[in-house]
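We name chains A, B, ... by the order of the sequence lines, and we start the count at 1 in each one.
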Amino acid sequence: MRNISVKGALAGQVEVGSKVEVRGWVRTRRDSKAGISFIHVTDGSCQDPIQVVAPNTLGNYASEVQRLSTGCSLICRGTLVQSQGKGQAFEIQADEVIAVGFVDDPETYPVQPKQHTAEFLREVAHLRPRTNTFGAITRVRHAAAMAIHRFFTDEGFVWVNTPIITAADAEGAGQMFRVSTLDLANPPRNEQKGVDFHKDFFGKEAYLTVSGQLNVEAYCLALSKVYTFGPTFRAENSNTTRHLAEFWMIEPEIAFADLSADADLAERFLKAIFRAVLAERMDDLKFLEQTVGKGVVTQAGLIDRLEKFVDSSFERIEYSEAIEILKRSKKKFEYQPEWGKDLQTEHERFLTEDHVGRPVVVMNYPEQIKAFYMRMNDDGKTVAAMDVLAPGIGEIIGGSQREERLDHLDARMRAMSLVPEHYGWYRDLRRYGSVPHAGFGLGFERLIVYICGLGNIRDAIPYPRVPGWAQF
RNA sequence: UCCAGCUUAGCUCAGUCGGUAGAGCAGGUGACUGUUAAUCACCGGGUCGCUGGUUCGAGUCCAGCAGCUGGAGCCA
């Protein structure tokens, strides 16, 4: 008797005629008056279930087997045989079916063998992994995460775990979640009647990180090629299909590199991830593609899109050029494109979907709309920033070459009303062996949305956290 | 945060001109069948989001509130 995964059995890795045991959950059960029941069992190891054929000669046939409904857990022991029916190559002829856990009230068990809406499934986030769709998304997410680590490892990068709790103002922007152990109702006060954070756990104000970039730059200027991959938090009141309050971000940083090298890295990176997912999870991608509609998947033709992506080179255009293209286009925009203003979502979508039809890297943005750490270009008006835009989603990656010259960095900070003295250790990096370096940030869930063709980022992460929602 | 829409059975939805609610799926029972989200018949299942208003009468019209969704902004 050998315990096997459904994946192993269906892939033909188990010898026909051998005694096996599978453990999992009932997807559907059908009874036949020929004296057998067909039970589709899934254990999450792959998209397809295995069919267990349970004869009515089993001792618990009437008492338990016929009570099995969608969602019940069970252990099946029997012989792996070639299927007599159509639709599957192998099945298990059961000698024993052990009902491990029944479903309390089958009528109200939320996961029915039908297509549910994404909204309903979010309300049962603890049960939605049992659906085909969320099983597929979860496996794709894993494959993508592993592909990311593998890509960086193969390219000689080192994974750096930057802190989740930080006292820095980070990028000055991004609303942050406060971390405190003070009594909210009765906090200690200082002489100005303000809250005395010297008495707080860290002796100062602390927050959840909005980016690991500043910290990882320090490791970049020692280990040359580094990246972060970890949880990130934004307390912005964003209610969209593209924002989460808690998400996972990937931030590579490369030394002795300029913006062009950064864009090269972004292109190799995205293609490598997509290639890996196409190679490893085609079964799940195919399933997701079939479910396009009112459910979780809303974007059609996702496999084709990924295959085109890995085969096409990225178009590169200057920000100034992008503005000219938008102005020349006959398309009516809600917001008029104008040099010095950031590109709107509608502009980004036009560039990548209508104008080019492929991924686009927009480079060198006006300095006033970008962060303080981005490198000032020789024209004195733009900084070495880039955004990677992809059809169907818009901005997927944002990156830049960092300002490695201390005097320029200080000038940029002051121009943005930041106090250089507050960034002592960050400025040190420019004082001690500074080198040109660059990097980018990628929201992991946005990548999953793109790969899986999802309509909402809340379905790309197991337990989404958004304004007004932190259930489960 | 702003704008718009939605809220009816366990789920997905219909509900006409204001007259006390229907379907499919799911569930139960039975029939049938090496079945494939099986098929067929029958049965059970409702605080129409909440509060108030108009009206003889409100799922339906009006107002407020709540929740959710979509778009925008912010961004990854």
Practice task
For A:E217 and A:Y373, run side chain to side chain donor-acceptor pair (under 3.5 Å): C-alpha distance rounded to whole Å, both residues' side-chain angles, the deciding distance at 0.1 Å, then the answer.
Solution key: CA-CA 11 Å; A:E217 278 187 51; A:Y373 52 75; over 6 Å; no
Problem - Residues A:T162 and A:Y219: side-chain donor-acceptor under 3.5 angstrom - result: no
Practice task
Would you kindly check whether a donor in the side chain of A:N239 faces an acceptor in the base of B:U69, or vice versa, at under 3.5 angstrom?
Solution key: no
Handout entry: Spacing of A:Q175 atom CD relative to B:C75 atom C1', expressed in whole Å
Key = 12 Å
Under 3.5 Å between N/O atoms: give me all the protein pairs with nucleotides 31-34 of chain B, atom names plus distance.
residue: B:U33; atom: N3; partner: A:D31; partner atom: O; Å: 3.1
residue: B:U33; atom: O4; partner: A:D31; partner atom: O; Å: 2.9
residue: B:U33; atom: O4; partner: A:K33; partner atom: N; Å: 2.7
residue: B:G34; atom: N7; partner: A:Q84; partner atom: OE1; Å: 3.3
residue: B:G34; atom: O6; partner: A:Q84; partner atom: OE1; Å: 3.4
residue: B:G34; atom: O6; partner: A:Q84; partner atom: NE2; Å: 2.7
residue: B:G34; atom: N1; partner: A:E91; partner atom: OE2; Å: 2.6
residue: B:G34; atom: N2; partner: A:Q51; partner atom: NE2; Å: 3.0
residue: B:G34; atom: N2; partner: A:E91; partner atom: OE1; Å: 2.4
residue: B:G34; atom: N2; partner: A:E91; partner atom: OE2; Å: 3.0

Handout entry: Sequence neighbours excluded - ring pair (Phe, Tyr, Trp, His ring centres under 6.0 Å) pairs with any residue from residues 111-138 of chain A
Key = A:H116-A:F120, A:H126-A:F472
Fill in the blank from the handout: Note, RNA chain B 5' to 3' with Watson-Crick or G-U pairs under 3.5 Å encoded as ( ), [ ], | and . gives (((((((..((((.....[..)))).(((((.......))))).....(((((..]....))))))))))))....
Practice task
Could you pick out which residue, A:T240 or A:E395, lies toward the 5' side of RNA chain B when each is mapped onto its nearest nucleotide?
Solution key: A:T240
Practice task
Would you mind building the protein contact string for nucleotides 4-11 of chain B? One character per nucleotide, 5' to 3', B for base within reach (heavy atoms under 4.0 Å), S for sugar-phosphate only, - for untouched.
Solution key: ------BB
Handout entry: Pair A:K331 + A:E346: basic N to acidic O under 4.0 Å
Key = no
Exercise for the section: For the residue pair A:T228 and A:E251, confirm or rule out a side-chain donor-acceptor distance under 3.5 Å. Expected result: yes
What donor-acceptor contacts under 3.5 angstrom involve side-chain atoms of residues 10-18 of chain A, with partners at least two apart or in another chain?
residue: A:S18; atom: OG; partner: A:E15; partner atom: O; Å: 2.6

Problem - Presence of donor-acceptor pair under 3.5 Å, side chain of A:S238 and base of B:C74 - result: yes
Exercise for the section: Quickly work out the A:R67 CZ to B:G27 C1' distance and round it to whole Å. Expected result: 15 Å
Practice task
Please name all residues satisfying ring-ring contact (aromatic ring centres under 6.0 Å, His included) with A:F152, sequence neighbours left out, ordered by chain then number.
Solution key: A:F157, A:Y227, A:F269
Handout entry: Closest non-hydrogen atom pair, A:A9 against A:F90
Key = O-CD1, 3.4 Å
